[in-house]
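All values below were derived from every heavy atom in this structure, side-chain atoms included, with hydrogens, water molecules and symmetry-related copies excluded. Just so it is clear, the model here is predicted, and its values are computed rather than measured.
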Amino acid sequence: MPHPSAVLLALTATMTPLPAQATAPETQTLHFDACPGSVPRPAAPDRVECGRISVPLDWNHPRGPRIEVAVSRVPATGTPAERRGVLLVNPGGPGGSGLPYAVTKRAKLPESVRRSYDVIGFDPRGVGRSAPADCGAMGGLFDSPGADPVPVGPAAESAYLAGLRNMADDCAAGAGDVLPYLSTEQTVRDMDAIRTALGEPRTNFLGVSYGTYLGAAYAARFPHRTGRMVLDSVVGPWDPYDFDVIQSRALLRQRDTFFAWTAAHQDRFDLGAGAQSVRRAYLHVRQGLTAHPVAGFGPAEFDRAVYRALGRTERWTGLADGLRTYLREGSPDALRPATAFDSPDSRTYEAANRLVKCADAPAPAPHRILSDIRRTRHLDPQPVLTGMEASTCAYWHHRPSHRTPLGSPDAPPLLLVASAHDPVTPIEGAHRLRRLLPGSRLVTLDNDYSHGVFASRGNACVDETAAAYLVDGTVPRADVRCTGPGLPAGQ
């Protein structure tokens, strides 16, 4: 294992300490220029531009080392009278890169929003081009094939915990002294610095998935600087580990729905005429890949493919086709991701994901992790535990002293958006978070089973409600229920 100081150098390359007598500047100006090649170019006449802002590594000690946060901007296309300011966007994670998201998400936003706001993306600290995190091998996470992620029996459970410990050790070696500072609370201070550098009085924000947690944390820290915020696919106000457990059980319900849907389209997929028949076919594939991985594709890789597919119903056809192809041909290629799991971007994402989760709340005890897995396996012997990322926090080298504060009675009304059957961020989280945000409203897309709703599902009711809120400040008088699309046709 490399020495911590050597690995830390990669993360802290952009850090510069201030002179002892200096104070952190309260304001700075963002200067925009060309973007790196990783940021897509929007269709003309729109343009995207990028810049960087210097922030303290630790906002509680602003005279210490500093890092740079990368920022992107796609200017509004409307008239000055239409302008409403800037709209920060975050795609979730934690670990998702926001620099390209300003372009990709903006392209899907209603025209009235595009005309009204400069859309601002940013790579949160530890992500992308903002002092990217490095956790090295992450306890073998990137091994191919990876170890079976569902431990059964004492020996497998001991090996599972050892892997979590090794991951925590690797992150400590890679991140070193910065472990406490790659947190949501520090990131919301960075967001406010972006607001200041842009000369804006308030932060308007669109956050998806973990981005909703980020928005709620900003509202807690800066309620009087909080503008119009749309929180889409809400992460509830649970500790990260508790959320992971809740999600793992929601995925069981979603997978059962997938089995029934696949059986209803037996003529298309030929995996069985009943849900139990499809389940047996599914288990046959997983058992086959566990016994005999194919070109580095084993049970861990299979579960990652299932985890990704269950979150969006438009991916279900590909999952069912992949199961059938393996059963007929013995090849899992149709289940492989388009981008290798051990790619540089993926490694940064996985590292930042654990670093943030473990900095945000107290950790679970190892015995609780095993108890929760056993309880989940009691519900279904073959669960999907891919999203149990915060389990490694049990062995983390930094122990946060408190939970991340979320919401505030002093913040203005926010707009929460949720899919009724989203397995990635179950809707109960939206109901719980709204209690911390008095006056806020919830827009529910009924009869929908996918993660990501606003400017994503193509639902006019949702999109028009959110656009009216962002552009005109229209807060619905009551919660809104929109009619969803139901399950896909299975073509």
Side-chain angles (χ1 to χ4, degrees), residues 29-35 39-51 70-92 96-122 191-192 194-208 211-212 214-215 218-219 225-233 412-417 440-441 443 445 452-477 480 482:
T29 302
L30 251 171
H31 298 286
F32 289 96
D33 204 336
C35 290
V39 178
R41 301 308 191 253
D46 294 343
R47 71 182 192 281
V48 62
E49 49 199 8
C50 292
V71 181
S72 59
R73 175 172 69 182
V74 181
T77 55
T79 64
E82 293 174 280
R83 181 175 173 78
R84 297 294 182 269
V86 301
L87 181 69
L88 265 68
V89 294
N90 178 272
S97 173
L99 210 62
Y101 195 63
V103 177
T104 57
K105 186 62 178 181
R106 181 187 181 277
K108 301 175 184 178
L109 293 174
E111 182 180 6
S112 60
V113 179
R114 300 197 305 268
R115 292 181 64 85
S116 301
Y117 287 98
D118 294 347
V119 177
I120 308 296
F122 68 103
M191 290 168 59
D192 200 59
I194 293 171
R195 175 198 63 79
T196 301
L198 292 171
E200 296 291 332
R202 291 179 178 81
T203 295
N204 305 299
F205 182 70
L206 167 59
V208 180
T212 65
L214 198 56
Y218 185 95
R225 300 177 194 171
T226 298
R228 299 168 187 173
M229 287 194 172
V230 175
L231 307 184
D232 178 9
S233 301
L414 310 188
L415 193 69
L416 282 61
V417 182
S440 296
R441 298 289 183 262
V443 180
L445 184 60
V453 181
F454 172 49
S456 179
R457 302 296 290 153
N459 185 274
C461 170
V462 172
D463 292 355
E464 290 169 6
T465 301
Y469 168 79
L470 287 172
V471 176
D472 302 319
T474 302
V475 178
R477 293 185 178 183
V480 177
C482 299

Just jot down the side-chain contact (heavy atoms from CB on, under 4.5 Å) partners of [X], sequence neighbours excluded, or say none.
X      : value
Pro412 : Thr226
Arg115 : Thr77, Thr79, Glu82, Glu111
Pro91  : Tyr101
Ser116 : Arg84, Val471

Is there a side-chain contact between [X] and [Y] (heavy atoms, below 4.5 Å)?
X      : Y      : result
Val48  : Arg41  : yes
Leu109 : Arg114 : yes
Val208 : Phe454 : no
Tyr117 : Arg228 : yes

Tell me if a side-chain donor or acceptor on Arg457 pairs with a main-chain N or O of Gly452 at a distance below 3.5 Å. no

Selection residues 98-108 - residue pairs positive for salt bridge (Lys or Arg N to Asp or Glu O under 4.0 Å), sequence neighbours left out: Asp46-Arg106

Using the rule side chain to side chain contact (heavy atoms under 4.5 Å, CB included), only one of Thr203, Leu198, Ile194, Val119 pairs with Val86; which is it? Leu198

For [X] versus [Y], what's the shortest heavy-atom pair and its separation?
X      : Y      : answer
Leu87  : Leu206 : CD1-N, 3.9 Å
Gly92  : Asn90  : N-OD1, 2.9 Å
Pro40  : Thr104 : CG-CG2, 4.0 Å
Leu416 : Ser440 : CD1-CB, 4.3 Å
Ala102 : Val74  : O-CG2, 3.9 Å

Below 3.5 Å, can you tabulate the donor-acceptor pairs from side chains in residues 458-470 to any protein atom, sequence neighbours excluded?
from: Asn459; atom 1: OD1; to: Cys461; atom 2: N; distance (Å): 3.2
from: Asn459; atom 1: OD1; to: Val462; atom 2: N; distance (Å): 3.0
from: Asn459; atom 1: ND2; to: Thr483; atom 2: O; distance (Å): 2.9
from: Asp463; atom 1: OD1; to: Ala455; atom 2: N; distance (Å): 3.0
from: Thr465; atom 1: OG1; to: Cys461; atom 2: O; distance (Å): 2.7
from: Tyr469; atom 1: OH; to: Met229; atom 2: N; distance (Å): 2.9
from: Tyr469; atom 1: OH; to: Met229; atom 2: O; distance (Å): 3.4
from: Tyr469; atom 1: OH; to: Pro413; atom 2: O; distance (Å): 2.8

By side chain to side chain donor-acceptor pair (under 3.5 Å) - contacts of [X] (at least two apart):
X      : answer
Arg195 : Asp192
Asp118 : Arg83
Ser456 : Arg312
Ser72  : none

Value for OG (Ser97) from CZ (Phe122), rounded to nearest 0.5 Å, stands at 10.5 Å

Would you please test Leu99 and Cys35 for side-chain contact (heavy atoms from CB on, under 4.5 Å) and show each step? CA-CA 9 Å; Leu99 210 62; Cys35 290; over 6 Å; no

For Arg73, all residues meeting salt bridge (Lys or Arg N to Asp or Glu O under 4.0 Å), sequence neighbours excluded: Glu49

So Thr212 and Ser233, side-chain contact (heavy atoms from CB on, under 4.5 Å) or not? Walk me through it. CA-CA 7 Å; Thr212 65; Ser233 301; 5.5 Å; no

Sequence neighbours excluded, the answer for ring-ring contact (aromatic ring centres under 6.0 Å, His included) partners of Tyr218 is Phe222

